[in-house]
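For reference, the structure discussed in these notes is given below.
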There are 2 protein chains.
Amino acid sequence: MRLVVARCQIDYAGRLSAHLPMATRVLMLKADGSVLVHSDGGSYKPLNWMSPPCSVKEVVSEDGQVEWLVTGKAEDTLRILIEEIHHDSSHELGVDPGLQKDGVEKHLQELLAEHPATLAEGLTLVRREYPTAIGPVDLMCRDAEGRSVAVEIKRRGEIDGVEQLTRYLELLNRDPLLAPVRGIFAAQEIKPQARVLATDRGIACAVVDYDALRGLDDPTDRLF
Amino acid sequence: MRLVVARCQIDYAGRLSAHLPMATRVLMLKADGSVLVHSDGGSYKPLNWMSPPCSVKEVVSEDGQVEWLVTGKAEDTLRILIEEIHHDSSHELGVDPGLQKDGVEKHLQELLAEHPATLAEGLTLVRREYPTAIGPVDLMCRDAEGRSVAVEIKRRGEIDGVEQLTRYLELLNRDPLLAPVRGIFAAQEIKPQARVLATDRGIACAVVDYDALRGLDDPTDRLF
DNA sequence: ATCTGAATGTCGACG
DNA sequence: CGTCGACGTTCAGAT
């Protein structure tokens, strides 16, 4: 890992073309050859970058200008024209053990599979990841009357999720052994437009409380 | 901008929970208070981070352990337990002039609006961003026979874009003044599944050559 | 290798 | 300030 603070000008040509005027920025050169250009603000996203695998070549022109030419896989090129280097240091980091996550959609699905009745009175699980020709339905359930219920789970419920569930329901309802199948759109948060679309299509919405579900679950069975 | 290389252990609690075991990493602390944790590999995305606005507080426990507590807006917290600092430097960067882009979907739409006949023989433009209740149609055109044609433009044609165009067509075909409206799905690259879905729904696919379109366009009218 | 859906997505535009 | 769609999306998992 090499960290450079330099006044530089940058041009990128690849899937798009982009240009950064001369200014002072941080250049992060990782061990795999990838390069990140950060300014003092914005977000975690660099102003510009080159993804690995790629290689950096230093070019010095006749008039003494230093340029770093970063070339990637396809026709991606990042040209960094260096005017002045304020800082330059290299560091040995080693391999990172990596990130452990908890609280993503998969966990929500696991919890709802264990407690389907929180979605609707008397709901019982038939199976998780119920397979169909166009992909698996998150939860296939049966209601108190024994009718099929397809559940689509999202962390954040938006219009795409309703579209997805609609496709499943359309397909499932062609199967006379299952039909009629109704749908429940479950999410920790449901956007108004998604709710309107779901309601218009006769799909029920269920807002899920992740922490409450965790409370129902065995508290010893945690990641950390 | 402060750059720190340190052996550290990190816990994040916010929209999800995440944990990073003790290892050597780069910590980037930006002027707006945001913090990025990078390893020597991966991609431009940090292992962990805190978006602005947020503040960093240094806490030293009784046994001398140093911890940085980064708190954000809501209940987001990032705890960085520092074991050893290998490098620590601060730099004045100033405000960045920002990025200039060229070659995104908007530009593709402009080019196709100027040359609609490249999509289908005899096609003429009615208007760009044709408004409907569920959002604007990229291009509304008329074919040689004077029938309406709705065009959805994507850089990469995937299933979502076909769904979007399907919604527009469904709505537009309810208007007796426009109906029948047919659809063209235009993209630089169309994924097989998207093509299958489009064809199944009677929507034509058009693969667009960006460079060729640019060639038709006035070459003096460039961004830089 | 390709494809698909998720994301602490982020970012910008528009109402 | 929320909503929506694009993104050099990136990313991980499954086929």
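Chain naming here is simple, since letters A, B, ... match the order of the sequence lines and numbering starts at 1 in each. Values below: all heavy atoms of this structure, side chains included; hydrogens, waters and symmetry mates excluded.
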_First encountered from the 5' end of DNA chain D, between B:Glu152 and A:Lys191_ =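 Closer to the 5' end of DNA chain D: A:Lys191.
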
_Given DNA chain D, 5'-ward residue of the pair A:Ile159 and A:Asp76, judged by closest heavy atom_ =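 Mapping each residue to its closest nucleotide by heavy atoms, the 5'-most match is A:Ile159.
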
Quickly work out the [X] [atom1] to [N] [atom2] distance and round it to whole Å.
X	N	atom1	atom2	value
A:Glu189	C:dT8	CD	P	15 Å
A:Leu16	D:dT10	CG	P	11 Å
A:Gln109	C:dA7	CD	C1'	16 Å
B:Tyr44	C:dA7	OH	C1'	11 Å
B:Asp96	C:dC11	CG	C1'	16 Å
A:His107	C:dT8	NE2	P	12 Å
A:Arg128	D:dA14	CZ	P	11 Å
B:Glu158	D:dT10	CD	P	12 Å

*asked:* Looking at A:Pro136, is its backbone amide N or carbonyl O close enough to the side chain of A:Tyr168 to form a donor-acceptor pair, meaning the two atoms are under 3.5 Å apart?
replied: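 Checking the backbone N and O of A:Pro136 against the side chain of A:Tyr168, a donor-acceptor pair under 3.5 Å is found.
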
*Which part of the nucleic acid does A:Tyr12 contact within heavy-atom distance under 4.0 Å: base, sugar-phosphate only, or nothing?*
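A:Tyr12: base contact, heavy atoms under 4.0 Å.
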
_Mind checking if A:Lys106 touches a base, just sugar-phosphate, or nothing, with heavy atoms under 4.0 Å?_
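Result for A:Lys106 = nothing.
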
*Among D:dT3, C:dC11, C:dT8, find the nucleotide with the atom closest to the side chain of A:Ser43.*
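Selected nucleotide (nearest to the side chain): C:dC11.
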
_From C-beta outward on A:Arg15, which listed nucleotide comes closest to its side chain: D:dT10, C:dT8, C:dG5?_
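So the side chain of A:Arg15 is nearest to D:dT10.
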
_Flag if over 12 foreign heavy atoms under 6.0 Å of CD, B:Glu58_ =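 Correct, the count exceeds 12.
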
*Is there a side-chain contact between B:Met28 and B:Val35 (heavy atoms, below 4.5 Å)?*
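No. Closest side-chain heavy atoms not under 4.5 Å.
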
*Measure the shortest side-chain to side-chain distance between B:Glu110 and B:Leu108 over non-hydrogen atoms and say whether it is less than 4.5 angstrom.*
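A side-chain contact under 4.5 Å is absent here.
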
Locate the shortest heavy-atom distance separating [X] from [Y]; write the atom from each residue and the value.
X	Y	answer
A:Gln188	A:Val207	O-CG1, 3.5 Å
B:Leu112	B:Thr118	CD2-OG1, 3.9 Å
B:Asp11	B:His19	OD1-ND1, 2.8 Å

*Would you say A:Lys45 reaches D:dC7's phosphate, i.e. side-chain N/O to OP1/OP2 under 4.0 Å?*
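Negative; the distance criterion is not met.
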
*Please figure out whether A:Gly135 or B:Asn48 has its closest DNA chain C nucleotide nearer the 5' end.*
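Looking at DNA chain C, the more 5' nearest nucleotide goes with A:Gly135.
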
*Nearest-nucleotide comparison on DNA chain C, the residue closer to the 5′ end among B:Ser51 and A:Lys154*: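 Here A:Lys154 is the residue nearer the 5' end.
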
*Treating a pair as Watson-Crick (purine N1 to pyrimidine N3 plus N6-O4 or O6-N4) or G-U wobble (N1-O2 and O6-N3) with both distances under 3.5 Å, list the stems of 3 or more consecutive pairs that involve DNA chain D.*
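Paired runs of 3+ in DNA chain D: C:1-7 with D:9-15, C:9-15 with D:1-7.
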
*Flag the pair A:Arg128 and A:Asp138 as a salt bridge only when some basic side-chain nitrogen lies within less than 4.0 angstrom of an acidic carboxylate oxygen.*
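Salt bridge: no.
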
_Ring-base stacking, B:Trp49 with C:dT8 (5.5 Å, 30° cut-offs)_ =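 Per 5.5 Å and 30° rule: yes, stacked.
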
